[in-house]
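Count residues from 1 along the sequence. Model, not experiment: these values are computed from the prediction.
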Amino acid sequence: MGLSPAAWSEARTTIQTLLAHDQPTLRDDCQLRAKALVPQAGAMMYLPAHIGDYTDFYSSLDHATNVGTMFRGKENALMPNW
């Protein structure tokens with residue numbers, strides 16, 4: 001995640017290619033597939049990035065309402081998914 005958008009795009013394309021049904025790299029190699037793919041219940045999840053000095057102001061009802069009021073008016077301040 002610390003790399004450029006071009007690197008993210010390359011990684012996404014590579015993963016999509018490897019997981020495609022017509023791509024033999026993982027499909028036909030049981031040992032490689034066992035290393036690359038694990039059951040979700042057995043996976044160790046890690047935080048993919050260190051986030052420093054960031055605040056999501058939309059996590060605050062008051063801030064989200066204030067900003068929403070500026071853009072959509074008081075009646076529609078909060079979006080339905082907030």
Side-chain angles (χ1 to χ4, degrees):
M1 286 180 60
L3 299 177
S4 68
W8 307 339
S9 179
E10 181 182 350
R12 181 181 178 93
T13 298
T14 300
I15 292 167
Q16 287 175 325
T17 298
L18 288 170
L19 295 176
H21 74 281
D22 59 349
Q23 171 53 254
T25 304
L26 284 176
R27 184 193 68 201
D28 298 346
D29 188 333
C30 293
Q31 289 180 331
L32 181 58
R33 193 170 57 247
K35 288 180 182 180
L37 304 175
V38 298
Q40 185 175 359
M44 176 67 74
M45 300 298 196
Y46 292 96
L47 184 64
H50 174 72
I51 309 299
D53 297 334
Y54 174 79
T55 301
D56 182 356
F57 289 105
Y58 279 96
S59 64
S60 160
L61 175 64
D62 294 325
H63 184 80
T65 301
N66 289 338
V67 171
T69 300
M70 287 189 281
F71 289 105
R72 291 178 295 280
K74 190 171 184 174
E75 314 77 44
N76 300 309
L78 293 177
M79 300 297 286
N81 63 341
W82 193 92

Check: [Y] main-chain N/O paired with [X] side-chain donor or acceptor under 3.5 Å:
{"X": "Asn66", "Y": "Asp62", "result": "yes"}
{"X": "Thr17", "Y": "Thr13", "result": "yes"}
{"X": "Arg27", "Y": "His21", "result": "yes"}

Inset, instruction - Heavy atoms only: give me the nearest Thr65-Ala77 pair and the separation to one decimal. - result: O-CB, 3.7 Å
Is there a path from [X] to [Y] through hydrophobic residues (I, L, V, M, F, W, Y) whose side chains come within less than 4.5 Å of each other?
{"X": "Trp8", "Y": "Leu47", "value": "no"}
{"X": "Leu78", "Y": "Phe71", "value": "yes"}
{"X": "Val67", "Y": "Leu61", "value": "yes"}

Inset, instruction - If you link ILVMFWY side chains whenever their heavy atoms are less than 4.5 Å apart, which other residues fall into the same cluster as Leu37? By chain and number, please. - result: Ile15, Leu18, Leu19, Leu26, Leu32
Inset, instruction - Measure the spacing between CD of Glu10 and OG of Ser4 and express it to the nearest 0.5 Å. - result: 9.0 Å
Legend entry - Gln31 atom CD, neighbour heavy-atom count above 12 within 6.0 Å: no
Inset, instruction - Might you confirm whether atom CD of Gln23 has over 12 heavy atoms from other residues, nucleotides or ligands at distances under 6.0 Å? - result: yes
